[in-house]
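Working notes for the structure below.
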Amino acid sequence: MPQLAHDGDLSSFNNLLQPDILSDPYPVYDMVREREPVWWNEHLESWLLLGHDDVLEALNHPEKLSSDRTSAFLGHLSESEENRFQEWADMRRRMMLYNDPPRHTRLRRPVQRGMSVKLSKQMRPKIQRVVDDLIDGVIQRGECDGIQDLGYHLPVILNSELIGIPAEDRNKVKLWTADFVKAINAGGANVPIADLERGQNAILAMREYFTDLAAVKLADPQEDLLSSLVQRGENPLEGDDLVATCIVVMFAGLETALNLVGNGLLALLRNPDQLALLSAQPELMPSAVEEILRFDGPLHLVGRMATEDMTIKGREIGKGEKVLVMLGAANRDPNAYEKPHKLDITRADNRHLSFSHGIHYCPGAEISRIMGELSFATILRRMGDLRLGPGELKWQPNLSFRGLQNLPLEFTPGPRKTS
């Protein structure tokens with residue numbers, strides 16, 4: 001990991017995608033927060049907020065730090081490049097993540113109804129079935145990859161069913177989604193042209209796909225989210241608003257659940273005392289999931305744009321400048337949590353920010369929690385003597401979503417649950 005200069009210069013940390021930082025960014029967050037809690041990152045050309053108090057304040061005031069930030073985050077492009085990626089920018093502007101009220105409210109409300117706590121709890125049997133089926137596929141081998149064999153497939157299957165995507169289309173939608181996620185790395189700050197190209201191609205493919213699928217659902221509605229969005233009486237979501245909403249639900253659900261399962265398994269395996277405690281007291285599972293979300297959450301930052309000149313912790317931020325709200329850093333702030341770098345599944349009053357906060361609080365948070373609870377409980381129950389397997393861990397080169405690319409696991413082989 002790069003070292004802090006003797007004079008306190010933080011420039012060696014400007015590239016947060018360095019492999020040593022990606023594998024464990026928290027020491028860097030601590031060093032930067034201690035010296036410059038509001039830090040100008042030259043590589044990202046953005047202000048980073050790393051203190052829990054500043055992060056919470058930013059999320060509570062969308063009128064000052066706006067989610068409608070597409071133009072600012074594409075500011076590194078030339079005029080010809082802006083024209084080239086116009087369709088990408090137009091679709092992104094239609095997504096609820098990149099809007100403020102009242103438009104944000106209109107886009108979010110139907111999705112929130114489709115992911116209510118009541119409906120999320122009704123999904124528990126379906127989630128349990130999928131988790132058991134995935135474990136059945138590896139249980140007799142005694143080894144597997146926790147990402148490629150388990151964590152990857154769970155949200156693909158469940159989010160596809162939630163939206164109404166047919167089973168035969170899941171993989172191509174997942175691949176499009178992966179290309180889109182690369183194009184919003186670091187909230188979209190200074191994304192390479194090649195990633196924007198893939199992101200725009202994915203947008204165009206998903207526009208055609210979800211437009212056609214919406215027509216099918218309108219003619220023959222089913223018990224799924226897409227059917228409910230097109231059947232909303234006098235105020236249905238239509239056109240690119242509908243497409244953008246489907247894209248958001250797909251990528252946000254996939255990345256959150258996948259990284260929750262992967263990061264959580266790794267955290268437990270690296271803290272065997274907490275793993276043993278959870279195995280002995282499974283009733284601690286809800287608390288354990290909240291602590292895992294705080295300790296190494298799936299979402300590490302959200303982007304904002306300053307709507308006015310402002311001063312935070314003595315640093316002057318100009319109107320129109322990019323601001324990255326560092327959720328992952330806030331979740332390890334010693335001013336907000338006692339012993340923040342300790343995984344403690346009994347931690348009380350765990351008000352983490354891993355699902356964001358305020359008007360942009362994740363509408364799928366409850367579903368993700370249930371996926372985490374059932375995944376961890378079933379894995380610990382069925383995969384005895386669970387341990388890390390040999391091989392180097394690799395992390396996704398993404399600052400927005402924190403997650404593993406692989407997680408080798410070993411365990412005692414067992415019987416399949418289903419024939």
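Along the sequence shown, the residues carry numbers beginning at 1.
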A cation-pi test, strictly: NZ or CZ of Arg332 under 6.0 Å from the centre of the six-membered ring of Phe295 and no more than 45 degrees from its axis. Yes or no?
yes

Please test Val156 against Leu254 for side chain to side chain contact (heavy atoms under 4.5 Å, CB included), starting from the C-alpha separation and ending with a verdict.
CA-CA 6 Å; Val156 170; Leu254 290 181; 3.8 Å; yes

Is the distance between the ring centroids of Trp176 and Phe251 under 6.0 Å?
no

For Val230 against Leu242, the heavy-atom pair lying closest together
CG1-CD2, 3.5 Å

Salt bridge between Arg170 and Glu161, side-chain N to carboxylate O under 4.0 Å?
yes

Stepwise, does the side chain to side chain contact (heavy atoms under 4.5 Å, CB included) test hold for Val55 with Leu353?
CA-CA 9 Å; Val55 166; Leu353 299 173; 3.6 Å; yes

Test salt bridge (charged side-chain N to carboxylate O under 4.0 Å, His left out) on Asp224 and Lys217; report intermediate values, then the result.
CA-CA 9 Å; Asp224 54 52; Lys217 301 295 184 180; 2.8 Å; yes

NZ/NE/NH1/NH2 to OD/OE distance under 4.0 Å, Glu290 and Arg369
yes

Check: Tyr209 and Ile165 side chains under 4.5 Å, non-hydrogen atoms
yes

Hey, is the main chain of Asn41 close enough, under 3.5 Å, to the side chain of Asn14 for a donor-acceptor pair?
no

Apply side-chain hydrogen bond (donor to acceptor under 3.5 Å, both in side chains) to Gln396 and Asn259, showing your working.
CA-CA 10 Å; Gln396 295 182 39; Asn259 297 333; 3.2 Å; yes

Donor on one side chain, acceptor on other, His104 and Ser67, under 3.5 Å
no

Do the charged groups of Lys313 and Asp54 touch, with an N to O distance under 4.0 Å?
yes

Tell me if the centroids of the rings in His52 and Tyr337 come within less than 6.0 Å of each other.
yes

CA sep, side-chain torsions, deciding dist, call: Asp145, Tyr152, side chain to side chain contact (heavy atoms under 4.5 Å, CB included):
CA-CA 10 Å; Asp145 191 293; Tyr152 172 91; over 6 Å; no

Does the ring center of Phe13 lie less than 6.0 Å from the ring center of His43?
no

Basic-acidic side-chain contact under 4.0 Å: Asp240, Arg93:
no

Does one side chain, of Asp132 or Thr378, offer a donor that lies under 3.5 Å from an acceptor on the other?
no

Are Arg294 and Glu291 within salt-bridge range, i.e. N to O under 4.0 Å?
yes

Are Leu134 and Asp149 close enough that some pair of their side-chain heavy atoms sits under 4.5 Å apart?
no

Taking the basic N atoms (NZ, or NE/NH1/NH2) and the acidic carboxylate oxygens, is any pair closer than 4.0 Å for Asp241 and Arg106?
yes

Polar side chain donor-acceptor pair, Ser11 to Asp9, under 3.5 angstrom
yes

Do the side chain of Arg69 and the main chain of Met305 share a donor and acceptor less than 3.5 angstrom apart?
no

Test log, rule side chain to side chain contact (heavy atoms under 4.5 Å, CB included), inputs Leu299 and Phe355
CA-CA 7 Å; Leu299 177 63; Phe355 290 126; over 6 Å; no

I'd like to know if the side chain of Asn60 reaches the main chain of Gly358, judged simply by a donor and an acceptor atom lying under 3.5 Å from each other, with no hydrogens or angles considered.
no

Please determine whether a side-chain nitrogen of the Lys or Arg among Lys64 and Glu57 lies less than 4.0 Å from a carboxylate oxygen of the Asp or Glu.
no

May I have the step-by-step check of side-chain hydrogen bond (donor to acceptor under 3.5 Å, both in side chains) for Asn350 and Ser287, ending in yes or no?
CA-CA 8 Å; Asn350 195 342; Ser287 173; over 6 Å; no

State, with a plain yes or no, whether a side-chain heavy atom of Leu407 is found less than 4.5 Å away from one of Leu393.
yes

Taking side chain as C-beta onward, heavy atoms only, is Met371 less than 4.5 Å from Val261?
no

Does some side-chain heavy atom of Pro25 sit less than 4.5 Å from a side-chain heavy atom of Arg402?
yes

